[in-house]
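For reference, the structure discussed in these notes is given below.
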Amino acid sequence: MAEINQSTHSFPNIELYNTLSHQKEHFKTVVPGKVGMYLCGPTVYKPSHIGHMVGPVIFDTIKRHLVYSGWDVTWVVNITDVDDKLITESKNRGMSMAALAEEMTTDYLDNLSALGVDGIDTMPKATDHIEGIIQFIAGLVEKDFAYPADGDVYFDVAKDKDYGKLTNRTLEKTQGEGGATADRKRSAADFALWKKAKSGEPSWESPWGPGRPGWHIECSAMSEALLGSHFDIHGGGLDLVFPHHENEIAQSESLHDCPMATYWMHNGLMQAAGAAGKVGGRPRDSSDTLDDLAATKISKSTGAEPFRELLTRHRPEAIKLLLLSTHYRSPIHFGEEPLGESARALEAFERLFSRYERLCGNSYYTLSARNRRDGNAAISDFHGRAGEHVTALRNRFLEAMDDDFNTAIAVATLFDFVRFINKFIDSEGLEKKADHDFETLNGLMLLMRELTSTLGLFLTPPAEVSTGADGKLLDSLMQLIIELRSRARQAKDFATADLIRDTLNEAEIQLEDRADGTDWSIK
RNA sequence: GGCGCCGUAGCCAAGUGGCUAAGGCAGCGGAUUGCAAAUCCGCCAUCGUCGGUUCGACUCCGACCGGCGCCUCCA
């Protein structure tokens, strides 16, 4: 990788929405040229569902765009592998907490991998950071922001003068009974940093006796260990704003006397569309079944299906395109219908890629495009109208991404780009003439590759439908059928030709006639 | 009750105080095709309702109606 001189390198102006200030802000890093990002990962006690994938996909794209724009980005996603829910679930399943955590972590990683989320630099586990967590809590106790109580340790919200600043709430307005441990807390809003172990529960030794970390503390401790006490971006789902992120801020800023993160970014939540099919929908009442509900949050409590099961019905690329077609802060309308539409939209790209491969012999997926946005090198190769159009298009794409990572607009420019390239191939007659100069087409496709890569789209070719011995057999049969049909067509026996095509169509095999031959594909 | 978000075409979904209100899916018309498919061209919205601010608002403010999230585990 080329070394960039950070002192002279100029970075684009990026705006991002900060939950803390409720507005877009100019992006300025703590350390020039470097970005530290922390995304709250899963508590690994059940298989991950689609909701768990939103953050990783969004932040993967954000990282790609920042790296493309010249920053040196470190991205951390934690794994919370110790928690009440893990203890309960592992008991139910008669296995150790560690074994359960390992199984679910693997599931999570497999899902990320299927989606091409590969930019995560470190995935720390809470149980690997118990020592740091204990020191963190001890520091808070020492500064009198926390107090031990009968083997537990609680954060004393009353001592934190700006508690509630992330979610604009004051202690008076905060409801809550304080839960089962209310009698040990000074205030109902106090939350556990350390929980005393009951017999048979996994535990670690601590100054307050054997126990385990409370929920929020692992993120404070691990982000500090890996990114420092003040890093740039902290993200997560909107449902984590309170109490999780509010409490992280309380812990970290009380201990360190500096902002925990400059920017707090929160992605919208998945909405499940019911049979009604609309996002707006009608109110819940007792007669509604789950299917009748118009739009409700997808979560464990609504029985979201494991992501790996979703993958048996839908291609990861279609899921990813759907996620990126909505702005990250908006709720995403999710379901079989939207996924189907997304898959159909995807085909426009993939048909162009195969068209390109047919013409030039190059696989789109192995094209090696520029991975830095510096200068206008990408478009200097084009001349005249194509050049102007492509310049405008690239600018629209980059401006959208610079403006709070507006992937919806970025994706829209890509659709325009597909149309432009198809038109270019048509108008230049590239399909018809044998002897051709494909330089401009190659340039256009390289730019497409550059832009889709920064979104994290089309990283790997679609799975081949026909592989192995069966695939070979199918392929040779199809070649034979196509040859026979071709003879029928030459003999003007269109009844036979159409019979073949229609019958194949019923078997979900699609034929496409072109001037120089016939393609087949499985629908 | 407190905090916050949303309501744009048949469906999904960007966006802007005034210039053609992106893009996708579906639909319709055309070019192309033996016919299809694919591709290309064209068509398809006045922005929940009512007031206000303004020379001008879909975009700002208010009210109302409808929907959603958080305040409890949650990505």
Side-chain angles (χ1 to χ4, degrees), chain A residues 19 22 39-43 45-46 48-56 58 77 83-85 164 167-170 172-177 179 189 215 235-244 246 266-271 273 277-284 294-302 304 321-322 325-327 329-333 335 337-338 340-348 351-352 354-355 396 400 403 406-416 418-419 422-423 425-427 431 489 492-495 497-498 501-502 505 510-515 518-519 521:
Chain A
T19 305
H22 305 285
L39 175 70
C40 282
T43 299
Y45 75 108
K46 275 190 174 173
S48 42
H49 61 259
I50 178 66
H52 295 104
M53 298 295 122
V54 184
I58 298 299
V77 178
D83 180 87
D84 293 2
K85 295 190 291 295
T167 47
N168 186 26
R169 70 185 75 205
T170 58
E172 302 82 70
K173 286 189 210 153
T174 304
Q175 291 190 337
E177 312 285 302
W215 180 27
L238 258 174
D239 52 349
L240 292 184
V241 183
F242 191 92
H244 188 52
E246 192 73 80
H266 294 97
N267 58 267
L269 304 176
M270 281 289 174
Q271 301 284 123
K278 289 193 60 132
V279 182
R282 52 213 152 88
R284 245 181 239 256
T296 51
K297 183 179 132 186
I298 290 175
S299 70
K300 297 179 213 13
S301 48
T302 58
L321 184 65
L322 179 61
S325 296
T326 307
H327 185 91
R329 280 191 279 117
S330 301
I332 301 173
H333 182 217
E337 257 313 293
E341 284 183 13
S342 180
R344 283 191 287 280
L346 198 65
E347 288 172 15
R351 275 192 295 259
L352 173 63
S354 358
R355 194 179 189 193
R396 189 153 68 98
D403 183 10
N406 196 326
T407 55
I409 291 181
V411 166
T413 68
L414 256 24
F415 279 103
D416 284 342
V418 167
R419 182 175 302 116
N422 271 321
K423 215 184 312 188
I425 295 173
D426 288 348
S427 66
E431 291 269 21
R489 290 177 68 208
K492 305 271 188 224
D493 180 6
F494 296 122
D498 291 349
R501 189 177 58 202
D502 294 346
N505 221 280
Q510 171 95 45
L511 292 188
E512 292 184 30
D513 293 327
R514 292 188 325 278
T518 298
D519 271 348
S521 58

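Proteins come first, then strands; the chains are lettered A, B, ... in the order of their sequence lines, and each starts at number 1. Since we're looking at a predicted model, the values are computed, not measured.
- Side-chain proximity of Asp426(A) to the nucleotides A75(B), C40(B), A22(B) is greatest for C40(B).
- Closest to the side chain of His49(A), out of A75(B), C70(B), A14(B), is A75(B).
- Looking at heavy atoms from C-beta onward, Thr518(A) lies out of side-chain contact with Arg501(A) at the 4.5 angstrom threshold.
- Separating the C1' atom of A22(B) from that of C47(B) is a span of 14 Å, rounded to the nearest Å.
- The pairing partner recorded for C64(B) is G48(B), the criterion being a Watson-Crick or G-U wobble arrangement whose two distances lie under 3.5 angstrom.
- U8(B) and G15(B) have their P atoms separated by 14 Å, given to the nearest Å.
- Taking atom CG of residue Leu321(A) and atom P of nucleotide G23(B), one finds them 16 Å apart after rounding to whole Å.
- Here CG of Asp502(A) is found 9.5 Å from CG of Leu511(A). Values are rounded to the nearest 0.5 Å.
- For Arg419(A) and G23(B), the CZ to P distance is 7 Å, given to the nearest whole Å.
- Nucleotides C71(B) and C19(B) place their C1' atoms 45 Å apart, quoted to the nearest Å.
- Set against A14(B), G69(B), A75(B), the side chain of Ser330(A) has A14(B) as its closest nucleotide.
- Contact of the Glu246(A) side chain with the Val241(A) side chain is not registered, since no non-hydrogen atoms from C-beta on lie closer than 4.5 Å.
- Nucleotide C55(B) is matched to G18(B) when pairs are restricted to Watson-Crick or G-U wobble geometry with both distances under 3.5 angstrom.
- Nucleotide U39(B) holds its P atom 9 Å from the CZ atom of Arg355(A), rounded to whole Å.
- Atom pair Arg329(A):CZ and C6(B):P shows a separation of 8 Å (rounding to whole Å applied).
- As judged by a 4.0 angstrom heavy-atom cut-off over every strand, Asp416(A) is placed among residues touching the sugar-phosphate backbone only.
- One can place CG of Asp83(A) at 16 Å from P of U72(B), the figure rounded to the nearest angstrom.
- Pair assignment for A9(B): none, as no Watson-Crick or G-U wobble contacts are both less than 3.5 Å.
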### Message
Assess the residue pair Leu352(A) and Ile425(A) against the criterion (side-chain contact (heavy atoms from CB on, under 4.5 Å)); give the C-alpha distance rounded to whole Å, side-chain angles, the decisive distance to 0.1 Å, and a yes or no.
### Response
CA-CA 10 Å; Leu352(A) 173 63; Ile425(A) 295 173; 4.2 Å; yes

Please list, pair by pair, any protein nitrogen or oxygen found under 3.5 Å from a nitrogen or oxygen in nucleotides 33-36 of chain B.
{"from": "G34(B)", "atom 1": "O6", "to": "Arg489(A)", "atom 2": "NE", "distance (Å)": "3.2"}
{"from": "G34(B)", "atom 1": "N1", "to": "Asp498(A)", "atom 2": "OD1", "distance (Å)": "3.0"}
{"from": "G34(B)", "atom 1": "N2", "to": "Asp498(A)", "atom 2": "OD1", "distance (Å)": "3.4"}
{"from": "G34(B)", "atom 1": "N2", "to": "Asp498(A)", "atom 2": "OD2", "distance (Å)": "2.6"}
{"from": "C35(B)", "atom 1": "O2", "to": "Arg501(A)", "atom 2": "NH2", "distance (Å)": "2.4"}
{"from": "C35(B)", "atom 1": "N3", "to": "Arg501(A)", "atom 2": "NH1", "distance (Å)": "2.9"}
{"from": "C35(B)", "atom 1": "N3", "to": "Arg501(A)", "atom 2": "NH2", "distance (Å)": "3.3"}
{"from": "C35(B)", "atom 1": "N4", "to": "Asp513(A)", "atom 2": "OD2", "distance (Å)": "3.4"}
{"from": "A36(B)", "atom 1": "N6", "to": "Asp513(A)", "atom 2": "O", "distance (Å)": "3.0"}
{"from": "A36(B)", "atom 1": "N1", "to": "Asp513(A)", "atom 2": "N", "distance (Å)": "3.0"}
{"from": "A36(B)", "atom 1": "N3", "to": "Arg501(A)", "atom 2": "NH1", "distance (Å)": "2.9"}

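- Taking only side-chain atoms of Arg396(A), from C-beta outward, the nucleotide of G24(B), A22(B), A14(B) with the closest atom is A22(B).
- OP1 or OP2 of G15(B) has at least one side-chain nitrogen or oxygen of Asn406(A) nearer than 4.0 Å.
- Where His327(A) and Gly41(A) meet RNA chain B, the nucleotide closest to each residue was compared, and His327(A) sits on the side nearer the 5' end.
- In this structure, Gly51(A) reaches the bases: a heavy-atom distance under 4.0 Å links it to at least one base atom across the strands shown.
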### Message
Could you go through Gln510(A) and Asn505(A), starting from their C-alpha distance and side-chain angles, then the distance that decides it, and tell me whether this counts as side-chain contact (heavy atoms from CB on, under 4.5 Å)?
### Response
CA-CA 5 Å; Gln510(A) 171 95 45; Asn505(A) 221 280; 4.2 Å; yes

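- The structure places OG of Ser325(A) at 13.5 Å from NE2 of His333(A), a figure rounded to the nearest 0.5 Å.
- G30(B) and G23(B) have their P atoms separated by 23 Å, with the value rounded to a whole Å.
- Rounding to the nearest 0.5 Å gives a distance of 11.5 Å between CD1 of Ile298(A) and NE2 of His52(A).
- Whole-Å rounding puts the Leu269(A) CG to G67(B) C1' distance at 15 Å.
- Under 4.0 Å is where a charged nitrogen must lie from a carboxylate oxygen, and between Arg355(A) and Asp426(A) at least one such pair does.
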Please list, for nucleotides 25-27 of chain B, all pairs of protein and nucleotide N/O atoms separated by less than 3.5 Å.
{"from": "C25(B)", "atom 1": "O3'", "to": "Arg344(A)", "atom 2": "NE", "distance (Å)": "3.3"}
{"from": "C25(B)", "atom 1": "O2'", "to": "Arg344(A)", "atom 2": "NH2", "distance (Å)": "3.4"}

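- Across all strands shown, the partner of C43(B) is G27(B), judged by Watson-Crick or G-U wobble contacts whose two distances both fall under 3.5 Å.
- A distance of about 15 Å separates the P atoms of C11(B) and G27(B), rounded to the whole Å.
- The gap from the P atom of A13(B) to that of G18(B) amounts to 24 Å, rounded to the nearest Å.
- Among the protein residues, Met270(A) comes within range of the nucleic acid bases, having at least one heavy atom under 4.0 Å from a base atom.
- Taken to the nearest 0.5 Å, the CZ atom of Arg489(A) stands 3.5 Å off from the CG atom of Asp513(A).
- Rounded to the nearest 0.5 angstrom, Asp416(A) CG and Lys423(A) NZ are separated by 9.0 Å.
- Under the Watson-Crick or G-U wobble criterion, with both distances below 3.5 Å, C70(B) is paired with G2(B).
- When distances are taken from the side chain of Asn267(A) to each of A22(B), A75(B), C40(B), the shortest belongs to A75(B).
- Thr407(A) OG1 to Leu414(A) CG: the interatomic distance, rounded to the nearest 0.5 Å, is 11.0 Å.
- Rounded to the nearest Å, the gap between the P atom of U16(B) and that of G10(B) is 23 Å.
- Residue Leu238(A) is classed as having no contact, given no heavy-atom separation below 4.0 Å to the nucleic acid.
- On the P atoms, U33(B) is 22 Å away from C28(B), given to the nearest whole Å.
- Both Val418(A) and Thr413(A) lie near RNA chain B, and the one whose nearest nucleotide falls closer to the 5' end is Thr413(A).
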